[in-house]
Amino acid sequence: EARVRLEAVAALIPATFTNGFADVEVAMIAMQAGITASAQLSRGGFDVHGDVEDMNGPNGALVRLTSTLTFMMDEAQRRGIQDRLLVVVSAEFGRTNLNGAGGKDHYNGGGSYMIILPPGTGLGDRVVGMTGPRHEQRTINVTTGAPDPNGVNINPKHVHKAIHDYLGFQSTAPGGM
């Protein structure tokens, strides 16, 4: 069984990898060959405490992120696995308004998540969660997604539960997720 899977991987490896996206290609090959169901990729971050404008240029964080996501989705489609791909982009904490150095510092709330679901799921084009005028996280109703002063702040456990529900996984944790 293992030899068959490794041979499947070997058959999918290109002569050369796309510059800057070899890790994405390896992840897509492993998924296509059926030897993994997940991958964690990184493109650096948005951690700029001074001169945030440095991140907005042609080599900036947003360009790196969107270029990677575009390549990933195109590669998944080329390999015929786009209908099985669920992508989560996350940040573990929020940011303050601009500081005196023209950057943004860490903020204890407001981490963000972007979830990209396979085409045709009917679950796209929505934003869940919100922040206030100082980028502070605001509470929402978890059923409707609407602002609710008696609601909850979205955090990783909510994101994990939503992904588990979407994939049809049942929690085995005591008390659920």
Distance, nearest 0.5 Å, that separates CG of D165 from NE2 of H160: 13.0 Å

What residues, two or more places apart in sequence or in another chain, satisfy side chain to side chain contact (heavy atoms under 4.5 Å, CB included) together with D23? L41, R43

For Y166, which residues count as a ring-ring contact (aromatic ring centres under 6.0 Å, His included) partner, sequence neighbours excluded? none

Quick one: list whatever passes side chain to side chain contact (heavy atoms under 4.5 Å, CB included) with T144, sequence neighbours left out. N141, A146

Among all residues two or more places apart in sequence or in another chain, which pass the side chain to side chain contact (heavy atoms under 4.5 Å, CB included) test with L85? M28, M31, M72, M73, A76, V87

Please walk me through it: do I163 and V88 pass side chain to side chain contact (heavy atoms under 4.5 Å, CB included)? CA-CA 9 Å; I163 291 169; V88 178; 3.5 Å; yes

Salt bridge (Lys or Arg N to Asp or Glu O under 4.0 Å) contacts in which one or both residues fall within residues 139-151, not counting sequence neighbours: none

side-chain hydrogen bond (donor to acceptor under 3.5 Å, both in side chains) filter on T18, not counting sequence neighbours, yields E25

Got a sec, which residues hit ring-ring contact (aromatic ring centres under 6.0 Å, His included) with F71, two or more places apart in sequence or on another chain? F21

Residue set satisfying salt bridge (charged side-chain N to carboxylate O under 4.0 Å, His left out) with D74, at least two apart, ordered chain then number -> none

Tell me every residue that passes salt bridge (charged side-chain N to carboxylate O under 4.0 Å, His left out) with D83, counting only those two or more places apart in sequence or in another chain. none

Going by side-chain heavy atoms closer than 4.5 Å, which hydrophobic residues are tied to F17, directly or by a chain of links? V9, L12, I13, V26, I29, I35

To the nearest 0.5 Å, how far apart are CD1 in I154 and OG1 in T139? 10.0 Å

Could you pull out all residues at least two apart from E75 that satisfy salt bridge (charged side-chain N to carboxylate O under 4.0 Å, His left out)? R78, R79

